[in-house]
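These numbers were taken from a predicted model, which means no experiment stands behind them. Proteins get letters first, then strands, A, B, ... in listed order; numbering begins at 1 in each.
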There are 2 protein chains.
Amino acid sequence: MSTATALEHPIRKDIRIEGVLQALADPVRLRIVRAIADHGEIACGVLDLPVSKSTLTHHYRVLRESGVIHQRPVGTSKVNSLRREDLDALFPGLLDGVLAAPRD
Amino acid sequence: MSTATALEHPIRKDIRIEGVLQALADPVRLRIVRAIADHGEIACGVLDLPVSKSTLTHHYRVLRESGVIHQRPVGTSKVNSLRREDLDALFPGLLDGVLAAPRD
DNA sequence: TCCATTGTACGAGCCCGGTCGAAAATCGGC
DNA sequence: GCCGATTTTCGACCGGGCTCGTACAATGGA
């Protein structure tokens, strides 16, 4: 049953530039964002990143709570997508600029 | 005399998105960047921010070494400007997106 | 029902970075 | 040369965040 707990996402007006920049400033999270941008949507586990699962949960939470990504549960997994519309409306050009950066 | 020491700035191709995002992610540094964007150029000391001089020096160095600002000495002071051309060329839209954000 | 898969919660360790004060350096003016 | 103004350097403190392992929860299939 579970009362659903409903994955907290900030509404658009509560997304703050400081939080978004801080979320994007971590190398692991930046890789996650790039992967989502490339594939449209991805599950949490599909990327092989050099961190443990619990650390990964931490990073996805930072991205979600800062307003960068949206997470929706699908079966036992979670599907992540970028909040492009919200980010583009609030900080036009920011996301595209970040994604345009060379990826060594 | 002093052999000049010449304030190290990264050349364009060495500016990395990770460094830029990390530099912009700090509230004090974001205020500095906004102030420079508003006034074109400012000296280090003209802003009254809630931190000490030595902390301010630290923040200006982070901004300079990440490639966000350019510093040139003028008398006993230093004048700071945004590296707009470089940032716009590398990450088109990023700076404008950041500056477009509401400033609570 | 049992189990594998996926992700979360919790507690802990640890390093990085923001912060400061005091002392030194740089520069211009007198 | 001397002084004041501006900024830097240095050492230190400390809190936060990235990290992990273990244990737990939730879901869906066999």
Would you say [X] and [Y] make side-chain contact, with heavy atoms under 4.5 Å?
X: A:V79; Y: A:I42; value: no
X: B:L47; Y: B:L56; value: no
X: B:R31; Y: B:H59; value: no
X: B:I17; Y: B:L94; value: yes
X: A:L7; Y: A:K78; value: yes

Under 3.5 Å, is there a donor-acceptor pair between the side chain of B:N80 and the main chain of B:Q71?
no
Mark yes or no for whether A:R29, through its side chain, and A:Q22, through its backbone, hold a donor-acceptor pair below 3.5 Å.
yes
Tell me which pairs pass side-chain hydrogen bond (donor to acceptor under 3.5 Å, both in side chains) where either residue lies in residues 86-103 of chain A, with sequence neighbours left out.
A:R12-A:D86, A:D38-A:R103, A:R83-A:D86, A:R84-A:D96
What distance do B:H58 atom NE2 and B:S52 atom OG have between them, rounded to the nearest 0.5 Å?
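Going from the NE2 atom of B:H58 to the OG atom of B:S52 covers 10.5 Å.
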What's the spacing between A:L95 CG and A:L90 CG if we round to 0.5 Å?
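One finds 11.5 Å between CG of A:L95 and CG of A:L90.
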DNA chain C-proximal residues of [range], any heavy atom under 4.0 Å:
range: residues 56-64 of chain A; answer: A:T57, A:R61
range: residues 32-39 of chain A; answer: none
range: residues 65-81 of chain A; answer: A:T76, A:S77, A:K78

Please report the distance, rounded to the nearest Å, between [atom1] in [X] and [atom2] in [N].
X: A:I42; N: C:dT6; atom1: CD1; atom2: C1'; value: 14 Å
X: A:R31; N: D:dC18; atom1: CZ; atom2: C1'; value: 15 Å
X: B:K53; N: D:dC10; atom1: NZ; atom2: C1'; value: 17 Å

Between A:D26 and B:C44, which is nearer to the 5' end of DNA chain D once each is assigned its nearest nucleotide?
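Of the two residues, B:C44 wins.
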Angle, rounded to 10°, between the helical axes spanning five pairs at each terminus of the helix from C:dT1-D:dA30 to C:dC30-D:dG1?
30°
Closest approach of [X] to [Y] (non-hydrogen atoms, all atoms of both residues):
X: B:S66; Y: B:L63; value: OG-O, 3.0 Å
X: B:V68; Y: B:L87; value: O-CD1, 3.9 Å
X: A:P102; Y: B:F91; value: CD-CE2, 4.4 Å
X: B:L24; Y: A:L21; value: O-CD1, 3.5 Å

Would you mind building the protein contact string for nucleotides 10-16 of chain C? One character per nucleotide, 5' to 3', B for base within reach (heavy atoms under 4.0 Å), S for sugar-phosphate only, - for untouched.
-------
Just checking B:R34: does its CZ atom have more than 12 heavy atoms from other residues, nucleotides or ligands closer to it than 6.0 angstrom?
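Count over threshold, so yes.
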